[in-house]
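The next block holds one structure in the form of structure tokens; read it before the comments.
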Amino acid sequence: MSHSASLKICLALALLSAGAALAKAAEPAAGPRPPVALLCEYLENPMGIDMASPRLFWVLEHAERGQRQTAYQVQVSSDPAAPAADMWDSGKAVSSRSTQVVYAGKPLASGRTYAWKVRYWDKDGRESGWSEPAAFDTGLFKREDWKGRWVHAKGLLRKSFSLPGKVVRARAYVCGLGYSELYLNGHKVGANVLDPAWTTYDKRVLYVTHDATRFLREGPNAVGVMLGHGWYKSRALLLQFRIELENGSVVEVVSDGSWKTAEGPVVSDSVYHGETYDARLESPGWALPDFDDGAWAKAEEFQGPAGVLSAQLMPPIRVVDTIVPLTMTSPGPGVYVFDMGQNFSGWARLRVRGPRGAEVRLRFAERLNDDGTLNVDTIRAARAEDHYILKGVGEEVWEPRFTYHGFRYVELTGFPGVPGAETIRGRVVRAADRQAGSFACSKPILNKLQRIIVWGQSTNLHSIPTDCCQRDERMGWMGDAQGTAEEAIYNFDMAAFYTNFLRDIRDVQDDKGTITDTVPHVWGSRPADPAWGTAYPLIAWYMYRYYDDRRVLEDHYDGIRKYVEFLRSRAEGGLLKYSYYGDWVAVEKCPGAIVSSFYYYYDVKVLADMARVLGKAADAAAYDKLAGEIKTAFHKEYFNPKTGDYADGTQTANTLPLFLDIPPDEARGRAWGRLFDDVVYKHDSHLTTGIIGTKYIMELLTRSGVADLAYDLATRTDYPSWGYMIENGATTLWELWQKREGPSMNSHNHPMFGSVGAWLYKALGGIELAEGTPGFEKILVQPRMVRDLKYAAASTRTLRGEVACAWRRDDKSVGIEVAVPVGSEADVRIPGFNLLDVVITESGVPVWKGDAFLPGPAGVAGIQKAEGGFSITIGSGRYVFELSGK
Ligand code: BGC
């Protein structure tokens with residue numbers, strides 16, 4: 001096949017734009033390389049590990065293709081400075097596992113640091129070098145380990161103490177509710193903001209572990225804590241330091257009634273309404289040892305919230321980016337509006353000079369009115385106003401601490417003088433989950449779609465998956481969470497985040513097994529709408545499927561079973577009919593009962609699958625049987641033999657049963673025909689679905705052989721479509737298909753229609769889990785080369801390493817580049833486009849010619865004709881296939 005230079009460039013560009021670092025500079029080293037990307041409980045060198053047997057992960061690297069691990073050796077040491085294997089030496093453990101490896105050494109102690117390293121043996125028995133060492137730090141395991149007392153406090157708390165020797169290691173364990181910042185000797189400790197995570201406080205509160213070593217010194221020291229109200233709506237602190245001195249002694253400094261407290265410069269703070277900061281009330285040096293706190297009150301000890309203390313083991317909320325505004329306008333005298341060019345969650349940093357006592361007001365909104373003033377309708381009852389009162393000394397730079405807003409525009413009033421280019425910066429604040437994926441293709445509207453999905457999703461990661469980040473909600477609405485979970489997993493490292501959220505869900509479960517629409521539960525009902533409650537089984541199942549996380553299934557099996565049994569107790573004749581939201585915000589809404597029954601069936605099926613994974617054969621059989629009964633009842637109740645429709649024949653009503661293969665043979669074709677007609681003819685290739693139907697219809701169409709139609713839907717730009725949002729200026733997904741800006745329900749940053757993001761990766765990027773195996777051990781690479789799409793590139797960083805696919809095509813050829821992690825295998829499907837005399841090469845070497853597989857290139861195990869093209873089985877490594885024909 002002739003490789004035209006331009007094609008190569010095109011492919012290379014696609015890879016580049018997807019950010020896929022597939023190609024490494026040629027490295028001479030042969031054989032297995034030291035493992036990289038070591039994680040513990042999904043986190044890099046985590047602090048606060050509070051389980052007895054944390055899980056370890058590493059990514060394998062190898063110079064050759066088709067490689068895998070056959071054995072590993074892990075060594076864990078209690079002394080990071082002098083690594084030995086005193087805690088655990090796995091020896092040469094014969095196993096292909098490089099993820100979810102459970103620590104099996106001596107019991108770990110509370111409050112320590114452990115170092116670990118790993119090496120592996122490849123399929124030919126060659127051993128790699130040792131990895132660079134990684135570490136994990138244990139938290140406080142038992143309630144008795146906590147010597148600190150809970151104290152009620154005002155905005156500031158402080159305590160001086162003296163250390164009789166040089167500090168070699170210090171840890172701070174802090175739970176400052178609702179939000180807190182820790183200061184040592186005047187310095188803020190750590191980069192987290194809005195700590196700790198929001199939880200159901202009477203069930204669980206999270207503490208954060210900080211490395212405080214470099215902030216402490218021999219002699220006098222001081223600790224200060226600033227407290228905000230957050231979701232706890234009050235201020236309380238539990239804190240404990242474990243300080244190890246050079247002479248081997250350990251000093252514990254803990255919160256108690258001897259601490260001093262006073263109001264600080266934060267005059268008021270509220271998640272929804274904003275923060276008021278009076279810089280005149282600052283107490284310089286308040287967190288330094290020699291500060292005179294004689295006039296401060298004593299903190300008051302109290303029982304504390306009822307919840308158990310757990311370590312916060314997920315990406316913290318941080319300022320992850322700073323945005324320079326695009327424009328500043330002045331729609332009225334003294335009113336200045338900054339356009340950040342992007343809707344996001346966070347706040348503004350203000351830079352100002354002016355007289356003491358001048359008060360600058362910042363207001364935040366997603367939209368502008370026609371006259372250029374802020375439209376605050378869409379944020380409803382959230383006031384979203386920050387106030388800064390100047391102290392009047394030089395340049396003052398300020399940003400709030402205990403609130404956040406969802407906005408694109410910032411309005412300044414009360415500014416002394418005229419603001420300049422430096423006055424305002426946008427600060428993007430969200431859970432610092434790392435971006436794991438990228439997607440790009442030849443269709444610009446889809447690249448914009450990917451962009452607004454990523455912005456919307458990421459700025460709604462705020463220790464829980466929120467519905468929106470601007471108005472008076474920002475709740476963990478479970479329907480939104482389950483709807484977007486797969487998309488989030490392709491785009492971000494979600495494993496630790498969802499592990500935490502699943503525990504949050506279990507925390508709201510009652511004895512009857514019910515859970516709630518929002519978690520933590522503030523809005524919505526108990527029991528949850530079944531399409532919302534399904535977040536519990538479905539997200540747990542995704543954790544297993546995408547991350548091979550069996551522990552989540554073990555930990556939550558009983559809770560999920562209880563939930564399913566609750567659903568069963570409410571079912572009538574095999575159907576579950578109660579519903580509040582159903583196919584939420586649909587253009588044509590189907591009856592809620594069919595959505596609830598669908599999820600009842602889905603949840604029972606998933607529970608049976610979980611039982612199978614966990615070896616609970618009797619449960620698996622019992623729930624299989626129940627699922628069979630629901631399936632029969634579902635079809636009987638909702639299928640209309642006269643029309644061939646399910647229920648009212650809306651797109652969602654026909655999609656749901658087809659998606660889970662509920663229709664018996666004779667009905668399947670009819671329902672499918674009705675759905676196709678509804679989409680194509682009745683609605684001129686438009687969706688009428690709400691968030692539920694939308695999640696399933698794209699995948700259903702794609703796997704039913706009409707990926708082209710799914711593509712048509714994804715690329716539309718008229719109402720209702722994602723493109724319509726984009727053409728109307730969306731920089732994050734909207735809540736509604738409709739363009740609305742009034743005072744009701746029309747958030748402009750609402751990720752729940754983002755389920756299509758998973759479709760971009762799966763259908764166009766071609767990256768899918770193969771059936772059966774969890775955790776990308778087996779990968780299906782099946783890009784759909786539809787309509788006018790000329791190239792696409794997707795990559796996602798899995799726990800095993802990066803999986804990537806980039807393809808391009810023209811009339812007579814297809815090029816596809818694939819990366820498969822060491823230890824994984826892929827089935828690569830390349831369409832044949834009815835070409836004759838097909839030749840396939842891999843990196844220029846023919847592997848298919850004259851209708852036969854030509855063995856040769858390493859890692860290419862075989863090629864077969866498959867429906868409409870070819871199926872190539874490959875092992876790990878990076879491959880470049882070119883298919884050409886006549
Ligand atoms: C939220 C949603 C949520 C819905 C359920 C809305 O107010 O913003 O996203 O799922 O209520 O009723």
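Whatever order the structure lists ligands and atoms in, that order sets their numbers, starting from 1. Being a predicted model, the structure only gives us computed values, none of them experimental.
Of the listed residues (Q470, R408, R471), just one forms a side chain to side chain donor-acceptor pair (under 3.5 Å) with E366, and that residue is Q470.
In this structure, a donor-acceptor pair under 3.5 Å is absent between the side chains of N746 and E735. Between Y498 and D549, the side chains place no donor N or O within less than 3.5 Å of an acceptor N or O (distance only, hydrogens not considered). N654 and D645 are linked by a side-chain donor-acceptor pair at a separation below 3.5 angstrom, with hydrogens and angles left out of the test.
Relative ring orientation between F659 and Y696 is described as tilted, the plane-to-plane angle lying within the 30° to 60° band.
H750 counts as a contact of ligand 1, since one of its heavy atoms falls under 4.0 Å from the ligand.
Residue contacts with ligand 1, taken as heavy atom pairs separated by less than 4.0 Å, involve W584 solely via side-chain atoms from C-beta onward. For Y580, no heavy-atom contact with ligand 1 is shorter than 4.0 Å.
Here the heavy atom of the protein found nearest to atom 9 (O) of ligand 1 is D480 OD2, 2.5 Å. Scanning the protein for heavy atoms near atom 7 (O) of ligand 1, the closest one is E473 OE2, 2.7 Å.
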Start with the C-alpha gap between Y600 and R568, add the side-chain angles, then the distance that decides, and say whether side chain to side chain contact (heavy atoms under 4.5 Å, CB included) holds.
CA-CA 8 Å; Y600 178 37; R568 198 208 305 230; 3.1 Å; yes
Walk me through it: do E385 and H273 pass the test side chain to side chain contact (heavy atoms under 4.5 Å, CB included)?
CA-CA 6 Å; E385 262 187 49; H273 303 312; over 6 Å; no
Quick one: do F501 and F497 satisfy ring-ring contact (aromatic ring centres under 6.0 Å, His included)? Show the steps, please.
CA-CA 6 Å; F501 189 57; F497 190 93; 7.2 Å; no
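Which parts of ligand 1 touch E735 is read off a 4.0 Å heavy-atom cut-off, strictly below it: atoms 8 (O). The ligand atoms of ligand 1 that sit less than 4.0 angstrom from a heavy atom of R471 are 1 (C), 6 (C), 7 (O), 8 (O). Below 4.0 Å from some heavy atom of M752 lie the following atoms of ligand 1, by number and element: 9 (O). Short contacts between ligand 1 and W532, defined as distances under 4.0 Å to a heavy atom of the residue, involve ligand atoms 5 (C), 10 (O). Atom numbering of ligand 1 starts at 1 in the shown order; those under 4.0 Å from a heavy atom of D467 are 1 (C), 8 (O), 9 (O).
When only interatomic distances are considered, the shortest N/O to N/O separation between R380 and ligand 1 does not fall below 3.5 Å.
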